[in-house]
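Here's the structure we're looking at; comments come further down.
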There are 2 protein chains.
Amino acid sequence: MVSRAGPEATEGGTERISDAEHAVMEALWKRSPQSAAEVCDTVCQERGWSMPTVKTLLSRLVQKGALATTPDGRRFLYTPLIARSAYVGGESKRLVERLFGGRAAPLFAHLAQAEALSEDDIAEIERLLQEMKK
Amino acid sequence: MVSRAGPEATEGGTERISDAEHAVMEALWKRSPQSAAEVCDTVCQERGWSMPTVKTLLSRLVQKGALATTPDGRRFLYTPLIARSAYVGGESKRLVERLFGGRAAPLFAHLAQAEALSEDDIAEIERLLQEMKK
DNA sequence: CCTTTACGATTACGCTTGTAATCTGAACGG
DNA sequence: CCGTTCAGATTACAAGCGTAATCGTAAAGG
């Protein structure tokens with residue numbers, strides 16, 4: 001094939017990862033490489049999917065450049081090409097930008113107000129703040 | 001009509017608001033009520049949309065129960081039915097859950113690490129923390 | 001060898017989203 | 001009264017997504 005006219009044929013992980021795809025990525029971030037069957041073991045149970053679904057998602061992620069495949073006998077092993085931290089960072093930034101004009105403090109205020117912060121969270125954040133000030 | 005057989009026929013804003021729809025909501029959160037034309041004035045410029053697009057988004061939002069309409073002469077005025085803070089809270093929570101296992105501290109750590117926190121942010125967060133501890 | 005099986009690849013299909021054109025009916029100008 | 005115009009409503013349509021069945025083929029077992 002190779003004739004795919006995608007805008008970023010040769011590039012690393014740029015295209016957006018969907019929600020379902022994200023679940024698959026999580027499995028592979030936890031451990032990699034894994035075969036499709038192994039990924040399914042994890043994910044199919046969590047989300048009630050069937051094998052074909054996982055296959056599709058894996059393929060799409062490969063297409064998007066988010067996963068690499070290594071042949072292993074007659075099957076493939078999948079490995080993430082983008083780091084979890086990069087994904088998480090990107091998503092967080094998107095949210096902060098979309099909802100809080102790019103400022104993180106309002107996000108924090110919101111979480112605080114919504115009582116989405118546990119005691120532990122607060123303690124840890126304080127610790128982080130201390131650390132940052134040094 | 002009232003015959004909408006959605007799972008939450010009588011409820012406030014439950015259904016998910018898409019990205020494009022969100023832009024429209026923002027315009028109406030900033031000021032409301034507004035007519036379609038007024039919303040378009042704001043949004044069409046920001047996002048390069050045309051009037052019909054805005055109309056569609058407004059309709060979908062009404063369908064979803066996110067906007068109310070008030071007849072005003074031969075047109076409608078649109079008013080948000082869900083508060084911005086509710087939306088923002090929901091989205092934030094979704095993100096924290098999806099990406100950080102529901103704990104906010106890791107999100108914070110991430111933002112800190114990514115240097116997405118300005119001096120001001122940090123100062124304000126400290127202030128908020130102080131307040132919360134009281 | 002030939003059949004079963006276990007893969008990845010291909011195809012499918014309905015839903016949502018982004019973006020918009022067209023239709024229809026009411027108001028307003030003459 | 002009648003045509004023009006300006007609303008909302010209806011329809012459109014391609015792309016992305018969630019979910020999956022089917023196909024083709026290579027391995028593995030008898």
Side-chain angles (χ1 to χ4, degrees), chain A residues 1-8 14-28 33-41 43-79 94 98, chain B residues 1 3-7 14-28 33-41 43-79 91 98:
Chain A
M1 50 103 201
V2 193
S3 51
R4 254 191 65 249
E8 346 255 350
T14 304
E15 318 204 34
R16 205 134 155 56
I17 288 171
S18 83
D19 215 64
E21 287 160 3
H22 172 229
V24 169
M25 291 302 289
E26 285 294 345
L28 285 161
Q34 285 182 72
S35 68
E38 288 169 322
V39 171
C40 186
D41 284 347
V43 177
C44 290
Q45 196 161 353
E46 278 174 17
R47 319 258 303 210
W49 286 341
S50 62
M51 189 59 157
T53 299
V54 174
K55 297 280 187 72
T56 301
L57 293 171
L58 285 168
S59 298
R60 286 183 186 164
L61 284 165
V62 170
Q63 260 177 239
K64 291 188 183 179
L67 291 180
T69 52
T70 334
D72 170 57
R74 64 208 209 69
R75 62 192 189 160
F76 279 147
L77 297 183
Y78 297 86
T79 320
R94 258 178 62 83
R98 225 164 49 94
Chain B
M1 47 101 189
S3 53
R4 259 188 63 248
T14 304
E15 319 204 33
R16 206 133 155 56
I17 289 171
S18 83
D19 215 64
E21 287 160 2
H22 172 230
V24 168
M25 290 303 289
E26 286 294 347
L28 284 162
Q34 283 183 73
S35 68
E38 288 170 322
V39 172
C40 186
D41 284 348
V43 176
C44 290
Q45 196 161 355
E46 278 172 20
R47 319 259 302 210
W49 287 341
S50 63
M51 189 57 157
T53 299
V54 174
K55 297 280 189 72
T56 301
L57 294 172
L58 285 169
S59 298
R60 287 182 185 166
L61 285 165
V62 170
Q63 261 177 238
K64 290 187 183 179
L67 291 180
T69 52
T70 334
D72 170 58
R74 66 210 207 68
R75 63 193 188 160
F76 280 147
L77 296 182
Y78 297 86
T79 319
E91 290 297 299
R98 226 164 49 94

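Order of the sequence lines sets the chain letters (A, B, ...), proteins ahead of strands, with each chain counted from 1. Hydrogens, waters and symmetry mates are skipped; everything else that's a heavy atom, side chains included, is used.
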Quiz item: Can you check the Leu77(A) CG to dC7(C) C1' distance for me, whole Å?
Solution: 12 Å

Exercise. Hey, which sits more toward the 5' end of DNA chain D by its nearest nucleotide, Gly73(A) or Arg47(A)?
Key: Arg47(A)

Quiz item: Within a strict 4.5 Å, meaning less than it, do heavy atoms of the Val43(B) and Glu26(B) side chains meet?
Solution: no

Quiz item: Taking atom types as they are modelled, is there a donor-acceptor pair under 3.5 Å from the base of dG18(D) to the side chain of Arg60(A)?
Solution: yes

Practice problem: Check the distance between dG18(D)'s P and Met51(A)'s CE and give it to me in whole angstrom. | Solution: 19 Å

Quiz item: NA contact type, Thr53(A), heavy-atom cut-off 4.0 Å: base, sugar-phosphate, or nothing?
Solution: base

Quiz prompt | Proximal nucleotide (of dG18(D), dG8(C), dG8(D)) relative to the Phe76(B) side chain | solution = dG8(D)

Quiz item: Tell me: CD of Gln63(B) to P of dT16(C), nearest whole Å?
Solution: 10 Å

Quiz item: Over how many whole Å does the gap from Leu67(B) atom CG to dG8(D) atom P extend?
Solution: 12 Å

Self-check item: Any side-chain heavy-atom pair of Phe76(A) and Pro71(A) under 4.5 Å
Solution: yes

Practice problem: Would you kindly give the CD-to-P distance between Glu21(B) and dG18(C), to the nearest whole Å? | Solution: 6 Å

Exercise. Provide the full list of side chain to side chain donor-acceptor pair (under 3.5 Å) pairs with a residue in residues 65-78 of chain A, sequence neighbours left out, each pair given once.
Key: Asp72(A)-Arg75(A)

Quiz item: Looking only at side-chain N and O atoms, does Lys55(B) come under 4.0 Å of OP1 or OP2 in dC6(D)?
Solution: no

Quiz prompt | Nearest-Å distance for atom pair CG/C1', residues Leu57(A) and dA9(C) | solution = 15 Å

Practice problem: Using a 4.0 Å heavy-atom cut-off across all strands, classify Arg74(B) as base, sugar-phosphate, or nothing. | Solution: base

Quiz item: Rounded to whole angstroms, how far apart are CD on Gln34(B) and C1' on dA7(D)?
Solution: 16 Å

Quiz item: Counting only distance, no hydrogens or angles, is the base of dA20(D) paired donor-acceptor with the side chain of Thr56(A) under 3.5 Å?
Solution: yes

Practice problem: Determine the contact category for Ala36(B): base if any of its heavy atoms lies under 4.0 Å from a base atom, sugar-phosphate if only primed atoms, P, OP1 or OP2 are that close, otherwise nothing. | Solution: sugar-phosphate

Practice problem: Under 4.0 Å between any heavy atoms, over every strand shown, what does Ser18(B) touch: base, sugar-phosphate, or nothing? Just pick one. | Solution: sugar-phosphate

Quiz item: Taking CG from Asp19(A) and C1' from dT19(D), how many angstroms apart are they, rounded to a whole number?
Solution: 14 Å

Quiz prompt | Residue among Arg16(B), Lys64(B), Arg47(B), Arg60(B) satisfying salt bridge (charged side-chain N to carboxylate O under 4.0 Å, His left out) with Glu21(B) | solution = Lys64(B)

Quiz item: Val24(B) versus Trp49(B): any side-chain heavy-atom pair under 4.5 Å?
Solution: yes

